[in-house]
Amino acid sequence: QVQLVESGGGLVQAGDSLRLSCAASGRTFNNVAMGWFRQAPGKEREFVSAISWHAYSTDYADSVKGRFTISRDNAKNAVYLQMNSLKPEDTAVYYCAGRGPGMTTPRTREQDYDYWGQGTQVTVSS
């Protein structure tokens, strides 16, 4: 059974940092692109960041560019999202997502991802 499990969320103040982790099990994800999405209360889920299988290519939503950094450790079958200078508008449930077999290029659309975690809550107070 394929599983993506996020961790690292929490309650922080504006300007603080958090590092989210996504641990994959059930199959290897080290040869496919991975992504992070988020969903704020009352809003649709939106793209945050994505990374290619070899980590040479990354993509970010404009709202997080320069503040968030995506990375991966293929030996550990894990993906990370370092979030700095957090803002109240970053408050959301953050989801890890994995593309299907052979899909190595990062994408920004939800429908391009086959596997999803349950999410981890990030709350940023002002």
Side-chain angles (χ1 to χ4, degrees):
Q1 183 180 358
V2 175
Q3 266 196 318
L4 297 176
V5 179
E6 303 94 338
S7 62
L11 172 62
V12 297
Q13 293 187 330
D16 286 351
S17 298
L18 277 176
R19 187 191 192 213
L20 303 184
S21 299
C22 172
S25 63
R27 59 155 287 191
T28 181
F29 281 87
N30 60 15
N31 57 355
V32 299
M34 301 289 292
W36 287 95
F37 289 75
R38 68 186 182 186
Q39 187 168 21
K43 295 187 177 181
E44 294 187 350
R45 190 155 58 183
E46 64 176 4
F47 169 76
V48 175
S49 182
I51 187 168
S52 63
W53 74 273
H54 45 42
Y56 292 164
S57 178
T58 58
D59 198 2
Y60 296 92
D62 288 342
S63 59
V64 307
K65 278 181 182 176
R67 300 188 297 121
F68 291 10
T69 303
I70 192 171
S71 61
R72 66 189 299 164
D73 185 338
N74 286 341
K76 296 182 178 180
N77 224 15
V79 181
Y80 309 98
L81 186 68
Q82 177 67 41
M83 305 186 296
N84 298 330
S85 302
L86 283 162
K87 304 175 181 180
E89 51 263 44
D90 294 319
T91 295
V93 177
Y94 284 72
Y95 297 91
C96 175
R99 298 202 68 197
M103 299 293 107
T104 60
T105 305
R107 290 285 186 261
T108 63
R109 302 185 313 167
E110 286 187 58
Q111 52 264 50
D112 289 323
Y113 292 82
D114 291 347
Y115 304 99
W116 293 84
Q118 293 300 307
T120 185
Q121 176 70 46
V122 172
T123 302
V124 184
S125 63
S126 57

Should Trp53 and Phe29 be marked as a side chain to side chain contact (heavy atoms under 4.5 Å, CB included) after you check the CA-CA gap, both sets of side-chain angles, and the distance that decides it? CA-CA 8 Å; Trp53 74 273; Phe29 281 87; over 6 Å; no
So, do Phe37 and Trp116 have ring centers that fall under 6.0 Å from each other? yes
Rounded to the nearest 0.5 Å, how far apart are CD of Glu44 and CZ of Arg38? 14.0 Å
Within a strict 4.5 Å, meaning less than it, do heavy atoms of the Met34 and Arg99 side chains meet? no
Is any side-chain heavy atom of Asp16 less than 4.5 Å from a side-chain heavy atom of Val124? no
Not counting sequence neighbours, list each pair that qualifies as a salt bridge (charged side-chain N to carboxylate O under 4.0 Å, His left out) and has a residue in residues 67-83. Arg67-Asp90
Give a yes or no on whether Tyr80 and Trp36 share a hydrophobic cluster (residues Ile, Leu, Val, Met, Phe, Trp, Tyr; joining criterion: side-chain heavy atoms under 4.5 Å apart). no
In this structure, would Val32 and Val48 fall into the same cluster of hydrophobic residues linked by side-chain contacts under 4.5 Å? yes
Could you state the interatomic distance from SG (Cys22) to CD (Gln3), rounded to the nearest 0.5 Å? 10.5 Å
Inter-residue atom distance Leu20.CG - Ser49.OG, 0.5 Å rounding: 11.0 Å
Here the pair of heavy atoms bringing Ile51 nearest to Thr58 is CG1-CG2, 3.8 Å
Quick one: are the ring centres of Phe47 and Tyr60 less than 6.0 Å apart? no
ILVMFWY network linking Val12 to Met83, side-chain heavy atoms under 4.5 angstrom: yes
Measure the spacing between OG of Ser52 and CE of Met103 and express it to the nearest 0.5 Å. 14.0 Å
More than 12 foreign heavy atoms under 6.0 Å from CD of Gln118: is that the case here? no
Looking at side-chain heavy atoms only, is the closest gap between Cys96 and Leu4 below 4.5 Å? yes
Any side-chain heavy-atom pair from Val93 and Thr120 closer than 4.5 angstrom? no
Report yes or no: is the cationic atom of Arg107 (NZ for Lys, CZ for Arg) under 6.0 Å from the centre of the six-membered ring of Tyr113, at an angle within 45° of the ring normal? no
Would you confirm whether Thr123, through its side chain, and Leu11, through its main-chain N or O, come within 3.5 Å as a donor-acceptor pair? no
Using only atom types and a distance under 3.5 Å, with no angle test, would you say the side chain of Glu6 pairs donor to acceptor with the backbone of Gly119? yes
Under a single-linkage definition using a 4.5 Å side-chain heavy-atom cutoff for Ile, Leu, Val, Met, Phe, Trp and Tyr, are Leu81 and Val79 assigned to the same hydrophobic cluster? yes
What's the spacing between Ser17 OG and Phe68 CZ if we round to 0.5 Å? 9.5 Å
Scan for salt bridge (charged side-chain N to carboxylate O under 4.0 Å, His left out) pairs involving residues 112-126, sequence neighbours excluded, and state none if there are none. Arg109-Asp112
Measure the shortest side-chain to side-chain distance between Thr104 and Asn31 over non-hydrogen atoms and say whether it is less than 4.5 angstrom. no
Side-chain heavy-atom pair Thr91, Glu89 within 4.5 angstrom cut-off: no
To the nearest 0.5 Å, atom OG1 of Thr69 lies from atom CZ of Arg19 at 11.0 Å
